[in-house]
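First the structure, in the form of structure tokens, and then the observations on it.
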Protein chains: 2
Amino acid sequence: MFHKVLIAEDHESSNVSVRKTLEDAGIALCDYTYYCDDALQRAQKAFLTHEPYELLITDLSFEEDHRKQNIQNGVDLIAEIRKIQPHIKVLVFSVESKVSIIHQLFQDLDIDAYVRKARRDVEELKKALEALSKGNKYMPFALKQAVKTQNTYEFSEYDIILLTQLSQGMLQKDIPYYLEKNGYKPAGLSSVEKRLNLMRETLGCSKNEQLIAFCKDLGII
Amino acid sequence: MFHKVLIAEDHESSNVSVRKTLEDAGIALCDYTYYCDDALQRAQKAFLTHEPYELLITDLSFEEDHRKQNIQNGVDLIAEIRKIQPHIKVLVFSVESKVSIIHQLFQDLDIDAYVRKARRDVEELKKALEALSKGNKYMPFALKQAVKTQNTYEFSEYDIILLTQLSQGMLQKDIPYYLEKNGYKPAGLSSVEKRLNLMRETLGCSKNEQLIAFCKDLGII
DNA sequence: TTCTTCTTTACGGTTTCCCGTAAAAACAGC
DNA sequence: GCTGTTTTTACGGGAAACCGTAAAGAAGAA
């Protein structure tokens, strides 16, 4: 089992639970922070004093408040800590449920475990710790419970620009001008129409209003 | 301070933290459930044996899983428990941050406290318990401020029907038929147009897409 | 280069939406 | 009953969106 663990989690209630879980698992030395910058600082210090953390447990989203932060989310935090300590194990603990996003964490950041904040999350945390301490990865429900809906459509940056502008009240016919001014291509009205049509078609939306509502629900815009 | 508290919270980690917070506050008798139906059942039983709960702490959203539930969210749970025990105090503990939704909880369900899952949530829980035990309500600071500055526009049931239908892809011109079929008045297309126009005007939206996005953000639809 | 293929744009017809005006209906008070 | 007010509906012109098709352009391969 691990000896020295670092927790980065802004929600106090989650932070407490993670700590308690580690305690129950017999991990005595566990430090915690509510901000990414603090976490990085602690990791740096621990590494320099030759007492590095073996495991980082972090959330993905951190809320902004009065304290200005350089690092504002878990992904960046992981990247920064890995720069100074490439082989630290990482467990991500978050509410995120989109398979594609979780998959990216394993693929791009090479994280070691993902536990979703959900009904049995403490139980899962324990299992994940178990697996990690044995040198295994832990990616539980990720591929099993394929998240609901046929959200197979991949929204491009271009799509999101269109949706954002629409949702901010820009007329469709004015979007070409906006696109051109900001250097996005294609900029023709027909292209805009075609793209919107494709999105509606793919997602089974008959009108733009429905499309906007759908994307709002997905948190894309 | 309270003597008997019931917790309904599906996330195990949050559930644990709330329990620990109550414990620290010296509340010995605290039961917890991960499902709404279980919570209702316990409340019923406690009430019938003349040992009712004094306080309900509940989340708003409960995730579905293999266990089919009659009650699927905190709002319904509160309503059901209040049917049998109208004066039970209620503290809602949720990630919801939309002012309009929280405001509705106080207004329509007459809840006694709201604590948002966030950076200092355990601290806030303690304060809320303190306030409640003294017979006070506990509102997040942001809400008190926002109550005044909140957009004065009151969404009627009729408005929400229009917005909902639009967001589900119904053509504007088909809405009169729908309204008439379901007995809503007025049902004329002009009335629909006028109402939508008023909403856009009042909320500073130039297009329906923007209106839908706005209302999605507010959590109205 | 030329040819092919794919992407982007331009254009026209149709539908839907937007908005103003006016008629019709509902409602209140007398 | 009548009269004035408000709400609802009907209608019509113009703008925007929608949709199909065809032309223009870009990219790649021979």
Side-chain angles (χ1 to χ4, degrees), chain A residues 150 152-218 220-221, chain B residues 151-218 220-221:
Chain A
Q150 61 293 354
T152 46
Y153 185 81
E154 282 286 326
F155 289 88
S156 67
E157 191 196 355
Y158 185 78
D159 292 332
I160 293 171
I161 289 167
L162 297 186
L163 293 168
T164 303
Q165 290 307 314
L166 275 185
S167 73
Q168 289 175 1
M170 184 174 286
L171 293 181
Q172 217 161 290
K173 73 180 181 67
D174 293 335
I175 290 184
Y177 172 73
Y178 170 86
L179 290 174
E180 185 147 21
K181 210 180 68 177
N182 294 84
Y184 294 109
K185 284 195 300 188
L189 181 56
S190 289
S191 298
V192 171
E193 290 171 342
K194 182 171 280 184
R195 196 76 202 156
L196 284 171
N197 197 12
L198 174 66
M199 284 194 266
R200 285 196 302 266
E201 187 88 17
T202 309
L203 299 171
C205 295
S206 59
K207 300 189 62 211
N208 278 344
E209 284 92 330
Q210 191 180 8
L211 183 63
I212 295 291
F214 185 84
C215 294
K216 271 286 174 190
D217 283 336
L218 283 178
I220 292 170
I221 50 175
Chain B
N151 252 323
T152 47
Y153 188 79
E154 281 283 326
F155 288 90
S156 66
E157 192 196 351
Y158 184 78
D159 293 332
I160 293 171
I161 289 167
L162 297 185
L163 293 168
T164 303
Q165 290 308 312
L166 276 183
S167 73
Q168 290 177 0
M170 182 173 288
L171 294 181
Q172 216 161 290
K173 73 179 180 66
D174 293 334
I175 290 184
Y177 173 73
Y178 170 85
L179 290 173
E180 186 147 23
K181 211 180 67 178
N182 293 83
Y184 294 109
K185 284 195 299 186
L189 179 57
S190 289
S191 298
V192 171
E193 290 172 342
K194 182 172 281 183
R195 196 77 202 156
L196 284 170
N197 195 13
L198 175 65
M199 283 193 267
R200 286 195 302 267
E201 186 87 15
T202 309
L203 299 171
C205 295
S206 60
K207 300 189 61 211
N208 278 343
E209 285 92 331
Q210 191 179 10
L211 183 62
I212 294 291
F214 185 85
C215 293
K216 271 286 176 193
D217 282 335
L218 253 54
I220 292 170
I221 51 174

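Fair warning: this is a prediction, and the values are worked out from it, not measured in the lab. Order of the sequence lines sets the chain letters (A, B, ...), proteins ahead of strands, with each chain counted from 1.
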**Request:** Mind listing the closest non-hydrogen atom pair of B/K216 and B/I221 along with its distance?
**Result:** NZ-O, 3.6 Å
**Item:** Main-chain N/O of B/Q168 paired with A/Q210 side-chain donor or acceptor, under 3.5 Å
**Value:** yes
**Asked** So what is the end-to-end bend of the helix from C/dT1-D/dA30 to C/dC30-D/dG1, with 5 pairs used at each end and the value given to 10 degrees?
**Response** 20°
**Message:** Looking at A/P176, is its backbone amide N or carbonyl O close enough to the side chain of A/E180 to form a donor-acceptor pair, meaning the two atoms are under 3.5 Å apart?
**Reply:** no
**Asked** Where do A/M170 and A/I175 come nearest, in terms of heavy atoms and distance?
**Response** SD-CG1, 3.7 Å
**Message:** In this structure, how many angstroms lie between the P atom of D/dA15 and the CG atom of A/L189, rounded?
**Reply:** 16 Å
**Prompt:** Is a donor on one side and an acceptor on the other found under 3.5 Å between the side chain of A/D159 and the backbone of A/S156?
**Reply:** yes
**Asked** What string of B, S and - do you get for nucleotides 14-20 of chain C 5' to 3' if you count protein non-hydrogen atoms under 4.0 Å?
**Response** --SSBB-
**Fill in**
Whole-Å distance, B/Y177 OH to D/dT9 P, equals 17 Å
**Asked** Please give, in whole Å, the distance from D/dC19 P to A/M199 CE?
**Response** 14 Å
**Message:** Rounded to whole Å, how long is the line connecting atom CD of A/E180 with atom P of C/dT8?
**Reply:** 14 Å
Do any N or O atoms of the protein come closer than 3.5 Å to N or O atoms of nucleotides 22-26 of chain C, and which pairs are they?
none

**Asked** Do B/L203 and B/F155 have side-chain heavy atoms sitting under 4.5 Å apart?
**Response** yes
**Message:** Looking at A/Y158 and A/R195, would you say the former's side chain and the latter's main chain have a donor-acceptor pair under 3.5 Å?
**Reply:** no
**Request:** Enter the distance from B/K185:NZ to B/S191:OG here, rounded to the nearest 0.5 Å.
**Result:** 11.5 Å
**Prompt:** Between A/E209 and B/L163, is a side chain to side chain contact (heavy atoms under 4.5 Å, CB included) present by the stated rule, with each step listed?
**Reply:** CA-CA 9 Å; A/E209 284 92 330; B/L163 293 168; over 6 Å; no
**Message:** Ignoring hydrogens, what is the shortest heavy-atom contact between A/L211 and A/R200? Give both atom names and the distance.
**Reply:** CD2-CG, 4.1 Å
